[in-house]
Protein chains: 2
Amino acid sequence: MQRNRISQQPARSEQLLFLTDDQIRQGIEMMFFAYRGFTADPDLILETYTYGRAHHRAIHFINRTPGLAVNDLLDILGVTKQSLNRVLRQLVNDGLVDSRIGKQDRRQRNLFLTDVGEKLERELSDAQRKRIRKAYSNAGPEAVHGFRKVLEQIIDPSLRDKVLNRANEKR
Amino acid sequence: MQRNRISQQPARSEQLLFLTDDQIRQGIEMMFFAYRGFTADPDLILETYTYGRAHHRAIHFINRTPGLAVNDLLDILGVTKQSLNRVLRQLVNDGLVDSRIGKQDRRQRNLFLTDVGEKLERELSDAQRKRIRKAYSNAGPEAVHGFRKVLEQIIDPSLRDKVLNRANEKR
DNA sequence: CTTGGAAAGTCAATAAGACTGACATAAACT
DNA sequence: AGTTTATGTCAGTCTTATTGACTTTCCAAG
(Lines give C-alpha, C1' and ligand atoms only; values in the text may rest on other atoms or scores of the structure.)
Protein backbone atom coordinates (compact mmCIF):
# COMPACT_ATOMS: atom_id res chain seq x y z
CA MET A 1 0.00 0.00 0.00
CA GLN A 2 1.73 3.10 -1.18
CA ARG A 3 1.36 5.94 1.22
CA ASN A 4 1.28 9.53 0.25
CA ARG A 5 3.61 11.11 2.74
CA ILE A 6 2.01 14.37 3.62
CA SER A 7 4.70 16.73 4.73
CA GLN A 8 2.65 18.57 7.29
CA GLN A 9 3.21 17.85 10.93
CA PRO A 10 1.91 14.31 11.31
CA ALA A 11 -1.17 14.13 13.44
CA ARG A 12 -1.16 11.97 16.53
CA SER A 13 -3.58 9.71 14.73
CA GLU A 14 -0.76 8.46 12.59
CA GLN A 15 0.43 6.27 15.37
CA LEU A 16 1.10 3.24 13.23
CA LEU A 17 2.80 4.96 10.36
CA PHE A 18 6.19 4.88 12.02
CA LEU A 19 6.37 1.13 11.79
CA THR A 20 6.06 0.73 8.05
CA ASP A 21 9.02 -0.76 6.25
CA ASP A 22 9.53 2.47 4.41
CA GLN A 23 9.73 4.52 7.58
CA ILE A 24 12.14 2.03 9.06
CA ARG A 25 14.25 2.00 5.93
CA GLN A 26 14.49 5.77 6.17
CA GLY A 27 15.55 5.46 9.79
CA ILE A 28 18.24 2.98 8.81
CA GLU A 29 19.62 5.30 6.19
CA MET A 30 19.53 8.24 8.54
CA MET A 31 21.56 6.29 11.07
CA PHE A 32 24.14 5.61 8.39
CA PHE A 33 24.44 9.21 7.25
CA ALA A 34 24.19 10.67 10.72
CA TYR A 35 27.04 8.50 11.93
CA ARG A 36 29.13 9.85 9.10
CA GLY A 37 28.35 13.39 10.18
CA PHE A 38 28.94 12.44 13.76
CA THR A 39 32.52 11.33 13.10
CA ALA A 40 33.38 13.80 10.36
CA ASP A 41 34.65 16.65 12.54
CA PRO A 42 36.94 14.65 14.85
CA ASP A 43 38.23 12.69 11.85
CA LEU A 44 39.51 15.90 10.31
CA ILE A 45 41.39 16.83 13.45
CA LEU A 46 42.79 13.34 13.94
CA GLU A 47 44.32 13.40 10.48
CA THR A 48 46.64 16.20 11.45
CA TYR A 49 47.93 14.05 14.31
CA THR A 50 48.15 10.86 12.22
CA TYR A 51 45.74 9.27 14.63
CA GLY A 52 42.53 7.47 13.77
CA ARG A 53 39.13 6.81 15.26
CA ALA A 54 40.54 4.06 17.40
CA HIS A 55 42.69 6.60 19.19
CA HIS A 56 39.75 8.93 19.60
CA ARG A 57 37.64 6.22 21.21
CA ALA A 58 40.39 5.27 23.63
CA ILE A 59 41.00 8.90 24.55
CA HIS A 60 37.30 9.53 25.01
CA PHE A 61 36.70 6.71 27.44
CA ILE A 62 39.90 7.24 29.38
CA ASN A 63 38.83 10.84 29.83
CA ARG A 64 35.35 9.83 30.89
CA THR A 65 36.62 7.35 33.43
CA PRO A 66 40.12 8.26 34.61
CA GLY A 67 41.91 5.26 36.05
CA LEU A 68 40.04 2.88 33.78
CA ALA A 69 41.68 -0.55 33.60
CA VAL A 70 42.71 -1.97 30.25
CA ASN A 71 40.29 -4.87 30.52
CA ASP A 72 37.38 -2.54 31.14
CA LEU A 73 38.34 -0.46 28.14
CA LEU A 74 38.46 -3.63 26.07
CA ASP A 75 34.94 -4.46 27.17
CA ILE A 76 33.70 -1.02 26.27
CA LEU A 77 35.34 -0.87 22.88
CA GLY A 78 34.62 -4.47 21.95
CA VAL A 79 37.96 -5.11 20.26
CA THR A 80 40.80 -7.53 20.91
CA LYS A 81 43.60 -6.60 23.23
CA GLN A 82 46.08 -6.85 20.38
CA SER A 83 44.12 -4.25 18.52
CA LEU A 84 43.75 -1.92 21.45
CA ASN A 85 47.32 -2.42 22.56
CA ARG A 86 48.81 -0.98 19.41
CA VAL A 87 46.74 2.15 19.84
CA LEU A 88 47.43 2.41 23.55
CA ARG A 89 51.16 1.92 23.07
CA GLN A 90 51.23 4.83 20.65
CA LEU A 91 49.29 7.05 22.98
CA VAL A 92 51.53 6.18 25.91
CA ASN A 93 54.72 6.63 23.87
CA ASP A 94 53.48 9.94 22.55
CA GLY A 95 52.81 11.10 26.08
CA LEU A 96 49.03 11.42 25.83
CA VAL A 97 48.14 8.56 28.14
CA ASP A 98 49.64 7.59 31.46
CA SER A 99 49.51 3.90 32.37
CA ARG A 100 49.93 3.36 36.12
CA ILE A 101 50.19 0.09 37.97
CA GLY A 102 47.03 -0.62 39.92
CA LYS A 103 47.07 0.04 43.65
CA GLN A 104 44.80 -2.78 44.79
CA ASP A 105 45.67 -5.20 42.00
CA ARG A 106 49.18 -4.66 40.75
CA ARG A 107 48.46 -6.68 37.59
CA GLN A 108 46.14 -3.99 36.37
CA ARG A 109 47.16 -0.85 34.53
CA ASN A 110 45.02 2.18 35.27
CA LEU A 111 44.82 4.60 32.40
CA PHE A 112 44.86 8.39 32.69
CA LEU A 113 45.15 11.21 30.23
CA THR A 114 48.16 13.45 30.59
CA ASP A 115 47.81 17.19 30.14
CA VAL A 116 48.66 16.78 26.48
CA GLY A 117 46.11 13.98 26.20
CA GLU A 118 43.46 16.11 27.83
CA LYS A 119 44.21 18.89 25.42
CA LEU A 120 43.61 16.65 22.41
CA GLU A 121 40.52 15.19 24.05
CA ARG A 122 39.09 18.64 24.44
CA GLU A 123 39.91 19.55 20.88
CA LEU A 124 38.19 16.43 19.57
CA SER A 125 35.13 16.54 21.79
CA ASP A 126 34.67 20.27 21.27
CA ALA A 127 34.32 19.64 17.55
CA GLN A 128 31.95 16.74 18.05
CA ARG A 129 29.92 18.43 20.75
CA LYS A 130 29.50 21.48 18.58
CA ARG A 131 27.62 19.48 15.98
CA ILE A 132 25.51 17.61 18.50
CA ARG A 133 24.73 20.76 20.41
CA LYS A 134 23.58 22.44 17.24
CA ALA A 135 21.48 19.42 16.30
CA TYR A 136 19.92 19.32 19.76
CA SER A 137 19.29 23.01 19.66
CA ASN A 138 17.64 22.93 16.25
CA ALA A 139 15.55 19.89 17.08
CA GLY A 140 14.41 20.99 20.52
CA PRO A 141 14.22 19.31 23.94
CA GLU A 142 11.27 17.05 23.10
CA ALA A 143 13.08 15.68 20.07
CA VAL A 144 16.25 15.14 22.08
CA HIS A 145 14.30 13.13 24.61
CA GLY A 146 12.93 10.94 21.84
CA PHE A 147 16.31 10.67 20.19
CA ARG A 148 17.83 9.30 23.38
CA LYS A 149 14.92 7.01 24.00
CA VAL A 150 15.24 5.36 20.60
CA LEU A 151 19.04 5.18 20.66
CA GLU A 152 18.84 3.48 24.01
CA GLN A 153 16.64 0.82 22.50
CA ILE A 154 18.97 0.23 19.58
CA ILE A 155 21.93 -0.39 21.87
CA ASP A 156 22.58 -4.03 22.62
CA PRO A 157 20.74 -4.93 25.82
CA SER A 158 23.87 -6.49 27.27
CA LEU A 159 25.65 -3.14 26.95
CA ARG A 160 22.77 -0.89 27.91
CA ASP A 161 23.38 -0.86 31.64
CA LYS A 162 27.12 -0.65 31.32
CA VAL A 163 26.79 2.31 29.00
CA LEU A 164 24.00 4.28 30.57
CA ASN A 165 24.19 3.50 34.22
CA ARG A 166 26.76 5.78 35.68
CA ALA A 167 25.47 5.41 39.20
CA ASN A 168 26.53 1.79 38.95
CA GLU A 169 30.23 2.13 39.67
CA LYS A 170 33.01 -0.26 38.90
CA ARG A 171 35.06 -1.78 41.62
CA MET B 1 18.60 9.07 33.90
CA GLN B 2 16.51 10.64 36.60
CA ARG B 3 19.54 11.14 38.77
CA ASN B 4 20.92 14.15 36.97
CA ARG B 5 17.92 16.31 37.54
CA ILE B 6 17.88 16.37 41.29
CA SER B 7 21.09 18.02 42.39
CA GLN B 8 21.56 21.77 41.98
CA GLN B 9 19.67 22.40 38.79
CA PRO B 10 17.53 25.51 39.03
CA ALA B 11 14.06 25.14 37.59
CA ARG B 12 14.57 27.85 35.01
CA SER B 13 17.36 25.93 33.32
CA GLU B 14 15.03 23.02 32.70
CA GLN B 15 14.74 24.02 29.05
CA LEU B 16 18.48 24.18 28.68
CA LEU B 17 19.29 20.98 30.49
CA PHE B 18 19.57 19.02 27.28
CA LEU B 19 22.41 21.23 26.16
CA THR B 20 24.80 20.67 29.04
CA ASP B 21 28.14 19.13 28.17
CA ASP B 22 27.28 16.07 30.19
CA GLN B 23 24.02 15.50 28.35
CA ILE B 24 25.79 15.94 25.05
CA ARG B 25 28.60 13.61 26.07
CA GLN B 26 25.97 10.99 26.86
CA GLY B 27 24.41 11.53 23.46
CA ILE B 28 27.80 11.07 21.82
CA GLU B 29 28.37 7.79 23.61
CA MET B 30 24.90 6.58 22.79
CA MET B 31 25.52 7.25 19.11
CA PHE B 32 28.68 5.16 19.32
CA PHE B 33 27.05 2.21 21.03
CA ALA B 34 23.83 2.42 19.06
CA TYR B 35 25.73 2.31 15.80
CA ARG B 36 27.40 -0.85 17.00
CA GLY B 37 24.03 -2.39 17.72
CA PHE B 38 22.71 -1.09 14.45
CA THR B 39 25.33 -2.96 12.43
CA ALA B 40 25.67 -6.02 14.65
CA ASP B 41 22.93 -8.16 13.12
CA PRO B 42 23.83 -7.70 9.44
CA ASP B 43 27.51 -8.13 10.29
CA LEU B 44 26.80 -11.61 11.62
CA ILE B 45 25.02 -12.59 8.43
CA LEU B 46 27.66 -11.06 6.19
CA GLU B 47 30.36 -13.14 7.83
CA THR B 48 28.82 -16.33 6.53
CA TYR B 49 29.06 -14.92 3.00
CA THR B 50 32.59 -13.52 3.45
CA TYR B 51 31.19 -10.11 2.66
CA GLY B 52 31.60 -6.98 4.75
CA ARG B 53 29.77 -3.78 5.51
CA ALA B 54 30.91 -2.27 2.25
CA HIS B 55 28.98 -4.95 0.37
CA HIS B 56 25.95 -4.38 2.56
CA ARG B 57 25.93 -0.67 1.85
CA ALA B 58 26.21 -1.19 -1.89
CA ILE B 59 23.44 -3.78 -1.86
CA HIS B 60 21.23 -1.56 0.25
CA PHE B 61 21.40 1.46 -2.01
CA ILE B 62 21.15 -0.52 -5.24
CA ASN B 63 18.02 -2.09 -3.84
CA ARG B 64 16.64 1.26 -2.79
CA THR B 65 17.23 2.80 -6.19
CA PRO B 66 17.33 0.14 -8.90
CA GLY B 67 19.22 1.34 -11.96
CA LEU B 68 21.45 3.58 -9.87
CA ALA B 69 24.56 4.73 -11.76
CA VAL B 70 27.99 4.01 -10.34
CA ASN B 71 28.77 7.70 -9.93
CA ASP B 72 25.61 8.27 -7.92
CA LEU B 73 26.46 5.37 -5.68
CA LEU B 74 29.92 6.83 -5.18
CA ASP B 75 28.37 10.11 -4.09
CA ILE B 76 26.09 8.37 -1.64
CA LEU B 77 28.77 6.18 -0.11
CA GLY B 78 31.46 8.83 -0.07
CA VAL B 79 34.31 6.52 -1.07
CA THR B 80 36.70 6.40 -3.99
CA LYS B 81 35.81 4.51 -7.12
CA GLN B 82 38.75 2.16 -6.57
CA SER B 83 37.32 1.22 -3.23
CA LEU B 84 33.79 0.75 -4.49
CA ASN B 85 34.91 -1.05 -7.60
CA ARG B 86 36.49 -3.91 -5.72
CA VAL B 87 33.24 -4.51 -3.87
CA LEU B 88 31.09 -4.06 -6.96
CA ARG B 89 33.25 -6.41 -9.02
CA GLN B 90 32.79 -9.13 -6.43
CA LEU B 91 29.05 -8.63 -6.31
CA VAL B 92 28.77 -8.72 -10.09
CA ASN B 93 31.03 -11.78 -10.41
CA ASP B 94 29.09 -13.55 -7.68
CA GLY B 95 25.87 -12.85 -9.52
CA LEU B 96 24.26 -10.58 -6.95
CA VAL B 97 24.40 -7.38 -8.95
CA ASP B 98 23.65 -6.78 -12.60
CA SER B 99 25.52 -3.95 -14.28
CA ARG B 100 23.75 -2.81 -17.45
CA ILE B 101 24.91 -0.25 -19.95
CA GLY B 102 22.88 2.95 -19.69
CA LYS B 103 20.18 3.53 -22.26
CA GLN B 104 20.42 7.29 -22.56
CA ASP B 105 24.12 7.52 -21.75
CA ARG B 106 25.99 4.44 -22.82
CA ARG B 107 28.99 5.38 -20.65
CA GLN B 108 26.97 4.81 -17.54
CA ARG B 109 26.43 1.47 -15.87
CA ASN B 110 23.05 1.08 -14.21
CA LEU B 111 23.11 -1.24 -11.25
CA PHE B 112 20.38 -3.73 -10.35
CA LEU B 113 20.10 -6.53 -7.86
CA THR B 114 19.61 -9.99 -9.31
CA ASP B 115 17.20 -12.40 -7.66
CA VAL B 116 20.07 -13.75 -5.61
CA GLY B 117 21.09 -10.22 -4.68
CA GLU B 118 17.55 -9.39 -3.63
CA LYS B 119 17.46 -12.45 -1.47
CA LEU B 120 20.57 -11.41 0.43
CA GLU B 121 19.29 -7.85 0.66
CA ARG B 122 16.12 -9.07 2.29
CA GLU B 123 18.03 -11.27 4.68
CA LEU B 124 20.23 -8.38 5.75
CA SER B 125 17.55 -5.74 6.00
CA ASP B 126 15.16 -8.08 7.78
CA ALA B 127 17.69 -8.47 10.54
CA GLN B 128 18.37 -4.76 10.75
CA ARG B 129 14.74 -3.74 10.47
CA LYS B 130 13.80 -6.12 13.21
CA ARG B 131 16.01 -4.27 15.68
CA ILE B 132 14.88 -0.83 14.55
CA ARG B 133 11.24 -1.83 14.56
CA LYS B 134 11.57 -3.13 18.09
CA ALA B 135 13.36 0.04 19.18
CA TYR B 136 10.68 2.21 17.56
CA SER B 137 7.99 0.13 19.09
CA ASN B 138 9.45 0.29 22.58
CA ALA B 139 10.18 3.99 22.37
CA GLY B 140 6.86 5.05 20.88
CA PRO B 141 5.87 7.35 18.00
CA GLU B 142 6.71 10.59 19.78
CA ALA B 143 10.21 9.39 20.46
CA VAL B 144 10.64 8.20 16.88
CA HIS B 145 9.67 11.60 15.64
CA GLY B 146 12.30 13.21 17.84
CA PHE B 147 14.85 10.59 16.91
CA ARG B 148 14.47 11.40 13.24
CA LYS B 149 14.45 15.11 13.88
CA VAL B 150 17.77 15.00 15.70
CA LEU B 151 19.41 12.55 13.29
CA GLU B 152 18.44 14.80 10.43
CA GLN B 153 20.27 17.66 12.09
CA ILE B 154 23.40 15.61 12.64
CA ILE B 155 23.60 14.68 8.98
CA ASP B 156 25.87 16.91 6.94
CA PRO B 157 23.74 19.72 5.48
CA SER B 158 25.16 19.06 2.02
CA LEU B 159 23.80 15.51 2.15
CA ARG B 160 20.52 16.20 3.88
CA ASP B 161 18.33 16.81 0.86
CA LYS B 162 19.96 14.11 -1.19
CA VAL B 163 19.46 11.59 1.56
CA LEU B 164 15.97 12.42 2.62
CA ASN B 165 14.42 12.87 -0.83
CA ARG B 166 12.99 16.09 0.38
CA ALA B 167 14.09 18.43 -2.37
CA ASN B 168 10.52 19.65 -2.85
CA GLU B 169 9.17 19.68 0.67
CA LYS B 170 9.94 20.81 4.12
CA ARG B 171 8.75 19.45 7.36
C1' DC C 1 54.26 -22.53 49.35
C1' DT C 2 53.00 -24.14 45.14
C1' DT C 3 50.08 -23.68 41.37
C1' DG C 4 46.27 -22.19 38.48
C1' DG C 5 44.51 -18.48 36.35
C1' DA C 6 43.87 -13.47 35.50
C1' DA C 7 45.75 -8.95 33.56
C1' DA C 8 48.58 -7.14 30.50
C1' DG C 9 51.77 -6.98 26.73
C1' DT C 10 53.99 -8.70 22.52
C1' DC C 11 55.16 -11.05 17.96
C1' DA C 12 53.53 -12.77 13.66
C1' DA C 13 50.44 -13.48 10.01
C1' DT C 14 46.25 -12.15 7.76
C1' DA C 15 42.13 -9.57 6.14
C1' DA C 16 38.78 -5.81 5.00
C1' DG C 17 38.31 -1.57 3.54
C1' DA C 18 39.89 2.58 2.76
C1' DC C 19 43.41 5.73 0.33
C1' DT C 20 46.58 7.92 -3.73
C1' DG C 21 48.38 7.83 -8.26
C1' DA C 22 48.59 6.44 -12.91
C1' DC C 23 46.53 4.77 -16.82
C1' DA C 24 42.91 2.75 -20.30
C1' DT C 25 38.64 2.73 -22.78
C1' DA C 26 34.43 4.08 -24.48
C1' DA C 27 31.12 7.48 -25.20
C1' DA C 28 29.34 12.06 -25.05
C1' DC C 29 29.88 16.86 -25.67
C1' DT C 30 31.66 21.03 -27.97
C1' DA D 1 38.96 16.61 -33.87
C1' DG D 2 39.69 17.46 -29.24
C1' DT D 3 38.10 17.49 -24.51
C1' DT D 4 35.57 15.85 -20.82
C1' DT D 5 32.92 12.33 -18.40
C1' DA D 6 31.90 7.63 -16.66
C1' DT D 7 33.83 3.65 -15.65
C1' DG D 8 37.28 0.29 -14.77
C1' DT D 9 41.81 -1.37 -13.43
C1' DC D 10 46.73 -2.03 -11.67
C1' DA D 11 49.86 -1.15 -8.02
C1' DG D 12 51.14 0.26 -3.62
C1' DT D 13 50.11 1.90 1.05
C1' DC D 14 47.60 2.65 5.45
C1' DT D 15 44.56 1.84 9.52
C1' DT D 16 42.14 -1.06 12.03
C1' DA D 17 40.72 -5.18 12.89
C1' DT D 18 41.32 -10.39 13.35
C1' DT D 19 43.43 -15.25 15.26
C1' DG D 20 47.02 -17.75 17.47
C1' DA D 21 50.88 -18.40 20.38
C1' DC D 22 53.63 -16.95 23.98
C1' DT D 23 55.64 -14.28 28.15
C1' DT D 24 55.69 -11.71 32.46
C1' DT D 25 53.70 -10.38 36.51
C1' DC D 26 50.86 -11.12 40.14
C1' DC D 27 46.63 -12.56 42.89
C1' DA D 28 44.44 -16.19 45.27
C1' DA D 29 43.02 -20.82 46.34
C1' DG D 30 44.52 -25.44 47.53
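Residue numbering restarts at 1 for every chain, and letters A, B, ... go by the order of the sequence lines.
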**Asked** Quick one, which residues of residues 46-56 of chain A touch DNA chain D with a heavy atom under 4.0 Å?
**Response** A:G52, A:R53, A:A54, A:H55
**Asked** Taking only residues two or more places apart in sequence, or in another chain, which ones meet B:D43 in a side-chain hydrogen bond (donor to acceptor under 3.5 Å, both in side chains)?
**Response** B:R53
**Prompt:** For B:T80 and C:dC19, is the shortest distance between a side-chain N/O and OP1 or OP2 below 4.0 Å?
**Reply:** yes
**Request:** Go through the structure and list residues passing ring-ring contact (aromatic ring centres under 6.0 Å, His included) with B:H55, not counting sequence neighbours.
**Result:** B:Y51
**Request:** List for me each residue that meets ring-ring contact (aromatic ring centres under 6.0 Å, His included) alongside B:F61, sequence neighbours excluded, and say none if there are none.
**Result:** A:F32, A:F33
**Nearest-angstrom distance from the residue atom CG of B:L77 to C1' of C:dA18** = 12 Å
**Prompt:** When every nucleotide of nucleotides 1-11 of chain C is labelled 5' to 3' by its protein contacts under 4.0 Å (heavy atoms), B for base, S for sugar-phosphate only, - for none, what sequence of letters results?
**Reply:** ----BBSBBBB
**Request:** By nearest nucleotide on DNA chain D, pick out whichever of A:R106 and A:G78 is the more 5' one.
**Result:** A:G78
**Item:** Listed partners of A:R129 passing salt bridge (Lys or Arg N to Asp or Glu O under 4.0 Å), at least two apart
**Value:** A:D126, B:D21
**Prompt:** CD1 of B:I101 versus P of C:dA28: gap in Å, rounded?
**Reply:** 10 Å
**Request:** Only counting residues at least two apart or in another chain, list the ones meeting side-chain hydrogen bond (donor to acceptor under 3.5 Å, both in side chains) with B:E123.
**Result:** B:Y49
**CA sep, side-chain torsions, deciding dist, call: A:L74, A:N71, side chain to side chain contact (heavy atoms under 4.5 Å, CB included)** = CA-CA 5 Å; A:L74 283 174; A:N71 246 355; 3.7 Å; yes
**chain A footprint on DNA chain D, 5' to 3' - any atom under 4.0 Å from a heavy atom** = D:dT16 to D:dC27
**Asked** How would you list, by chain and number, every residue that makes a salt bridge (Lys or Arg N to Asp or Glu O under 4.0 Å) with B:D156, sequence neighbours excluded?
**Response** A:R131
**Fill in**
For residues 84-94 of chain A, the salt bridge (Lys or Arg N to Asp or Glu O under 4.0 Å) pairs (sequence neighbours left out) are none
**Fill in**
Sorted by chain and number, sequence neighbours left out, side-chain hydrogen bond (donor to acceptor under 3.5 Å, both in side chains) with B:N85 holds for none
**Fill in**
For residues 64-98 of chain A, the ring pair (Phe, Tyr, Trp, His ring centres under 6.0 Å) pairs (sequence neighbours left out) are none
